[in-house]
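Report on one structure; see the data block that follows.
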Protein chains: 2
Amino acid sequence: MAAADEARGASARPKRADAVRNQQTLLAAAAEVFVTSGVDAPIREIAKRAGVGMGTIYRHFPTRADLVVAVYRHQVEACAEAGPALLAEEESPFTALERWVDLFVDFLVTKHGLADALRSDSGGFEALHAYFLDRLVPVCGQLLDAAAGAGEARPGVEPYELMRGVGNLCVGRDDDPRYDPRRLVDLLLRGLREVRPSS
Amino acid sequence: MAAADEARGASARPKRADAVRNQQTLLAAAAEVFVTSGVDAPIREIAKRAGVGMGTIYRHFPTRADLVVAVYRHQVEACAEAGPALLAEEESPFTALERWVDLFVDFLVTKHGLADALRSDSGGFEALHAYFLDRLVPVCGQLLDAAAGAGEARPGVEPYELMRGVGNLCVGRDDDPRYDPRRLVDLLLRGLREVRPSS
DNA sequence: GACAAAACGGAACAGCGCTCCGTATCGTAA
DNA sequence: TTACGATACGGAGCGCTGTTCCGTTTTGTC
């Protein structure tokens with residue numbers, strides 16, 4: 001898949017060169033702005049940084065979620081693909097699950113405000129929630145099923161709630177030394193772990 | 001402590017009757033609006049409901065947090081006071097901790113958007129975060145210490161991070177049938193529990 | 001009843017998301 | 001090369017926020 005196709009969406013018919021260029025410029029500008037101002041940075045700020053008008057942003061990315069998804073698509077895909085890989089290479093399914101959750105947490109905590117946006121119920125972020133979940137919940141489910149099947153995880157825990165729980169633990173200021181999301185996620189996973197019957 | 005004193009703050013010198021009346025009216029109006037529109041409802045909406053101008057709100061409650069704290073002060077106090085009581089009446093410290101966390105979760109999930117506001121890093125909610133923490137972290141610490149001391153909880157978990165973890169698990173839409181904060185909090189507490197040595 | 005202090009109300013300003021349409025640019029066919 | 005329709009662009013404008021500020025009203029007191 002060529003970069004231009006990917007940025008534009010493969011099924012759309014070829015568009016003008018300036019449009020493709022602007023889309024690329026916007027993605028780059030948005031990525032930069034997200035780092036400093038978070039994913040809920042003012043649209044005008046992104047437009048200014050990219051040197052385009054606001055109309056251009058809304059034409060290419062009708063909702064904020066579209067822009068955020070486009071910026072982070074690669075990393076979400078990488079996370080999704082890491083699931084089966086970990087399951088294959090780790091010695092136990094639960095270890096694979098732990099390492100995959102680690103990956104997910106790393107992703108969230110390094111993106112200022114992304115976890116907050118994920119759980120947001122306004123601001124055009126609903127589609128973001130949906131995309132992350134559509135892509136990652138099945139992967140999480142696979143790992144969870146494997147762990148439960150091996151008797152390493154408590155049965156009855158849904159992938160969706162685990163994902164949201166982990167995501168929720170990552171919200172909030174990331175520069176507070178008193179709160180490390182990873183420690184809480186560890187606790188959560190410890191609670192998920194099923195002690196294997198000694199038989 | 002008389003109601004008027006309490007609403008005004010006991011250390012302030014006596015103020016005009018209309019000011020006291022408006023403060024009461026505002027508290028009642030805010031409580032009503034919070035139920036329907038959440039704690040981040042527009043100031044104008046609260047002012048309108050109370051039949052006062054916006055200036056009046058800002059004069060009595062300079063920040064949004066001041067208003068929210070005033071509305072929920074009683075319930076926070078009740079929650080704080082329930083800690084030692086539970087520790088005294090429950091058979092084990094960990095059970096007391098569990099029941100206290102339940103109380104806290106109940107409080108959060110029944111207040112639309114309160115958990116979200118608590119972890120917010122903008123919108124004048126910082127003081128809200130501070131108040132909740134100042135009041136509840138010591139209580140949580142007491143329960144946690146008791147449980148750890150009895151060998152029922154893993155040592156090394158800070159009250160602050162537990163409170164924030166539980167609070168974080170409660171953020172987000174409360175009408176999503178796929179996600180029940182209580183289930184995740186259960187998992188978290190299960191991870192916190194230390195299996196008592198069989199000796 | 002008069003007067004100063006206290007409190008009130010809402011106009012006004014700034015920042016935001018989002019829309020809409022006149023204008024500029026691009027691709028193509030003559 | 002030029003001309004022209006399709007496509008994309010830019011930003012003014014609208015509505016909704018939070019917050020401030022000051023002319024006006026109400027209150028308590030003498």
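The sequence lines fix the lettering, A, B, ..., with proteins before strands; numbering per chain opens at 1. Since this is a predicted model, take the numbers as computed values, not measurements.
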B/Glu90 and B/Arg99: salt bridge (charged side-chain N to carboxylate O under 4.0 Å, His left out), yes or no, with the steps?
CA-CA 9 Å; B/Glu90 289 296 332; B/Arg99 289 200 48 194; 2.5 Å; yes
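- By the side-chain contact (heavy atoms from CB on, under 4.5 Å) test, A/Ala147 pairs with A/Pro93, A/Phe94, A/Ala153, sequence neighbours left out.
- When the P atom of C/dA7 is taken as reference, atom CG of B/Leu26 falls 14 Å away, rounded to whole Å.
- Rounded to whole Å, atom P of D/dC16 lies 11 Å from atom NZ of B/Lys48.
- Scored by the side-chain contact (heavy atoms from CB on, under 4.5 Å) test, B/Pro84 finds B/Val139, B/Gln142 as partners (sequence neighbours excluded).
- The side chain of A/His60 places no N or O atom within less than 4.0 Å of a non-bridging phosphate oxygen (OP1 or OP2) of D/dA8.
- Under 4.0 angstrom from either OP1 or OP2 of D/dG10 there lies at least one side-chain N or O belonging to A/Thr56.
- Between A/Arg164 and B/Asp176 a salt bridge is recorded (basic side-chain N to carboxylate O distance below 4.0 Å).
- In summary, the side chains of A/Tyr179 and B/Asn168 do present a donor paired with an acceptor at a separation below 3.5 Å, with no hydrogens or angles considered.
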One character per nucleotide, please: for nucleotides 17-30 of chain D, 5' to 3', B when the base has a protein heavy atom closer than 4.0 Å, S when only the sugar-phosphate does, - otherwise.
BBBB-----BSS--
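- Taken residue by residue, residues 125-132 of chain B places no heavy atom nearer than 4.0 Å to DNA chain D.
- Judged purely by distance below 3.5 Å, without hydrogens or angles, the side chains of B/Thr25 and B/Asn22 never pair a donor atom with an acceptor atom.
- With rounding to whole Å, B/Phe61 atom CZ is found 11 Å from C/dC8 atom P.
- Residue A/Glu89 places its CD atom among more than 12 non-hydrogen atoms of other residues, nucleotides or ligands, all under 6.0 Å distant.
- Taking a pair as Watson-Crick or G-U wobble with both distances under 3.5 Å, DNA chain D forms stems of 3 or more consecutive pairs at C:1-30 with D:1-30.
- When every heavy atom of B/Leu128 is checked against every heavy atom of B/Ala117, the shortest pair comes out as CD2-CB, 4.0 Å.
- Note on B/Arg178 versus A/Glu161: no salt bridge recorded, every NZ/NE/NH1/NH2 to OD/OE distance being 4.0 Å or above.
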Just list the side-chain donor-acceptor pairs under 3.5 Å for residues 38-62 of chain B, sequence neighbours left out, or say none.
| from | atom 1 | to | atom 2 | distance (Å) |
| --- | --- | --- | --- | --- |
| B/Glu45 | OE2 | B/Ser37 | OG | 3.0 |
| B/Arg49 | NH1 | B/Glu32 | OE1 | 2.6 |
| B/His60 | ND1 | B/Gln23 | OE1 | 2.6 |

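- Across the protein-nucleic acid pair, A/Asn22 atom CG and D/dT7 atom C1' stand 12 Å apart, rounded to whole Å.
- Ion pairing between a basic and an acidic side chain is recognised when a charged N comes within 4.0 Å of a carboxylate O; A/Asp102 and A/Arg182 show no such pairing.
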